[in-house]
Amino acid sequence: MSRRLRDLCRPHAKSARCRPGEMPLEGEAGKAISKARRRLIVTGIVFLLAFCAIGYRLVDLSVIRAGAEAERAKLAAKKELPNGHRANIVDRNGVVLATSIRSWSIYADPTLVGDPGRTARILAHIFPQQNIRTLKAKLNRKGRFVWISRQASPAAYQQILRFGLAGIHARPDLRRAYPQRALVAHIVGSSDVDNKGTAGVEAKMDKRIRTGARPLRLSIDLRAQVAVREILARSIGYWRALGGAAMVMDVRTGEIPAMVSLPDYDPYNPQGVPKKARFNRNTLGVYELGSVFKILNTAMALDYGVTHIREMHRVHKPLPAGRRFIRDSHPIAKPIDTGTILVKSSNIGSAMIAQRIGGKRQKAFLRKAGMLAKIPLELPEAGQPLYPRRWRPVNTLTVSFGHGIAVTPVHLVAAVGGIVNDGVMVQPTLLKRQNGRPLLPRRIVSAKTSRILRNLMRQVVLKGTGRRANAKGYRVGGKTGTAEKAGRGGYRRKALLSSFVAAFPMDRPRYVLLVSLDEPKGNKKSYGYATAGWVAAPAAKEIIERIAPILKVPRQAEERRGTRKQILASAASGSRKTDRRGADSGESRR
């Protein structure tokens, strides 16, 4: 068998080999066939290489260079953004807070205007805010260009076309629109005719808004913003206050779902707005906030170990402070423990504890809690805290109950948020956190101290001066603070800043709320008093009951109260009676 196959396979050369079954060809015909076979093999190799090159190119274009092409497309899109483009600003749920709409900027070439007087009269009819004399002066100028109206409406442009005015031209432009108007004016801010941010987020995030194609998403929840503004405005009117501020912060992420400062303003008419209306009380105003500072004083004392929760203190005598005395407006005759000092808000007790802490450690704690520097929020309107350059012993005493140091409301909210959040403070932000992670978390007190303070703040609402803030189903804790405002020659006794800081739910706090009213006036219902327990605590209760469902905070059953076990768990003992003024023992007194 093998011999027959070898006979069939006869190569043309002695050294060559052939496959079984190959027909033996000799002479010129064999050489031609061999040559054709070699050419066919070479052609196949060429085609194979070509197909490999094409395949590689397809992979290169579709996979390898896809990322680079996408980046180039983004850059190209940015370059193609229209002149004056600004990205939308939206709330956390996508509701538009600021957007850009098509407009027309009207200008004139004075050399082409045939009848300046007639043209000026027509333009004054189209633009009522401008007078004929000014327009006529513009049209008589020497030169080829003068602005008539920037960012005019399409309707005004249609009238220009209808009259067919010689020398009057228009170019397409973009105008900033604020559909929520005053509701978020202090947060969103405004921009000028050149579409550059001048206030609020518009100014602070100007570069990102001008170059971005995607909307800038804020942490604000417009539903909560509406509720907070409505209740704050009603409280200001009822108590005849000069103004007020309220804000809510998520203690875990630092996001701010609501921030209201009243009075506010309409961003469509910024020129006629008084300065006090443009003033953001939450971030720019610095105030001596009074007894709400006792939360920080008690927390640092327990954390430093200078006292313990059941240590008794005698606070029946005024405490010397330089040439003056620190007093309680409602003296306490019996010795009280450290927890009751906070619950009954004793200035004397707070100052005695601060003496043990000392000025150096007190200042160090306040710096760690961010109370001595500007808060890095996404707003240019940021207030610098005011505190003594030389931290004297008398300053240590007065700072313990919120006098002699002035901070913004956002400072206090951030610090209290850290104390109730298991001692971990996060940086406040007006931007929605995509991954829910906090900004710059840092520990300011221990988890044990945090638990004690949460119990004490709950007792303030259950049995102390904050009882009018007890919202059913949400276990609110908090602290009142009524501070006399500084004036010429000292503090003004009847000019009060009444504030209430709250956290909820207190078994595992999620949000901190601050409500502050500027110079409220008492009435018959409050027996003539305008302290925080009367004016700010009820507003806080109403706000919590309105926004808790919006923020998806579940209702809770009320805990049992009054048993010895509960009192021990709350870490506060002793008498907790308050006078009918709803005032702290030490409020409004130095």
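Heavy-atom basis, side chains included; hydrogens, waters and symmetry copies ignored.
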Quiz item: Given Glu484 and Lys494, is the salt bridge (Lys or Arg N to Asp or Glu O under 4.0 Å) satisfied, shown in steps?
Solution: CA-CA 7 Å; Glu484 296 172 354; Lys494 294 186 178 181; over 6 Å; no

I want to check something: taking the side chain as every heavy atom from C-beta on, are [X] and [Y] in contact at a cut-off of under 4.5 Å?
X      : Y      : result
Ile405 : Pro385 : no
Val286 : Gln384 : no
Met300 : Ile357 : yes
Asn347 : Arg327 : no
Arg181 : Tyr268 : yes

Test: [X] and [Y] ion pair at under 4.0 Å:
X      : Y      : answer
Asp337 : Arg310 : no
Asp250 : Arg252 : no
Glu545 : Lys472 : no
Arg356 : Glu311 : yes
Asp206 : Arg86  : yes

If I take atom [atom1] from residue [X] and atom [atom2] from residue [Y], how far apart are they, to the nearest 0.5 angstrom?
X      : Y      : atom1 : atom2 : value
Met259 : Leu514 : CE    : CG    : 10.5 Å
Leu513 : Met247 : CG    : CE    : 9.5 Å
Met352 : Ile326 : CE    : CD1   : 10.5 Å
Asp328 : Ser346 : CG    : OG    : 3.5 Å
Ile353 : Leu302 : CD1   : CG    : 7.5 Å

Sub-3.5 Å donor-acceptor pair from the side chain of [X] to the main-chain atoms of [Y], do we have one?
X      : Y      : result
Arg454 : Val420 : yes
Thr298 : Lys294 : yes
Asn297 : Ser350 : yes
Thr482 : Ala532 : yes
Thr307 : Ala301 : no
Asn282 : Ala245 : no
Tyr304 : Arg361 : yes
Ser219 : Ile256 : yes
Lys368 : Ile444 : yes
Asn421 : Val251 : yes

Practice problem: Return each pair, listed once, that meets salt bridge (Lys or Arg N to Asp or Glu O under 4.0 Å) where at least one residue sits in residues 514-529; pairs must be two or more places apart or across chains. | Solution: Arg281-Asp518, Lys485-Asp518, Lys485-Glu519, Arg492-Glu519

Practice problem: Output all residues satisfying side chain to side chain donor-acceptor pair (under 3.5 Å) with Ser446, sequence neighbours left out; order by chain, then residue number. | Solution: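 By the side chain to side chain donor-acceptor pair (under 3.5 Å) rule, Ser446 matches Asp303, Thr449.
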
Would [X] and [Y] count as having a side-chain donor-acceptor pair, cut-off 3.5 Å?
X      : Y      : result
Asp507 : Gln556 : yes
Ser191 : Thr198 : no
Ser345 : Lys479 : yes
Glu378 : Thr429 : yes
Ser498 : Thr531 : no
Thr338 : His308 : no

Quiz item: What pairs with Ile236 under side chain to side chain contact (heavy atoms under 4.5 Å, CB included), at least two apart in sequence or on another chain?
Solution: Leu232, Ala241, Leu262, Leu517

Quiz prompt | Asp264 vs Arg229, salt bridge (Lys or Arg N to Asp or Glu O under 4.0 Å): CA-CA, chis, key distance, verdict | solution = CA-CA 10 Å; Asp264 50 22; Arg229 185 180 184 275; 2.8 Å; yes

Quiz item: When you look at CZ of Arg443, are more than 12 heavy atoms from neighbouring residues, nucleotides or ligands closer to it than 6.0 Å?
Solution: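 Atom CZ in Arg443 is crowded, with more than 12 foreign heavy atoms closer than 6.0 Å.
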
Exercise. Tell me, yes or no, whether the heavy-atom count around Arg234 atom CZ, taken from other residues, nucleotides or ligands under 6.0 Å, exceeds 12.
Key: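 More than 12 within 6.0 Å, yes.
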
Quiz item: With ring centroids as reference points, do Tyr265 and His186 lie under 6.0 angstrom apart?
Solution: yes

Quiz item: Where do Glu381 and Arg278 land on the salt bridge (Lys or Arg N to Asp or Glu O under 4.0 Å) test, with the steps shown first?
Solution: CA-CA 10 Å; Glu381 299 84 13; Arg278 297 182 66 90; over 6 Å; no

Practice problem: Evaluate side-chain contact (heavy atoms from CB on, under 4.5 Å) for Glu255 paired with Ile220, printing each intermediate quantity in order. | Solution: CA-CA 8 Å; Glu255 294 174 310; Ile220 296 297; over 6 Å; no

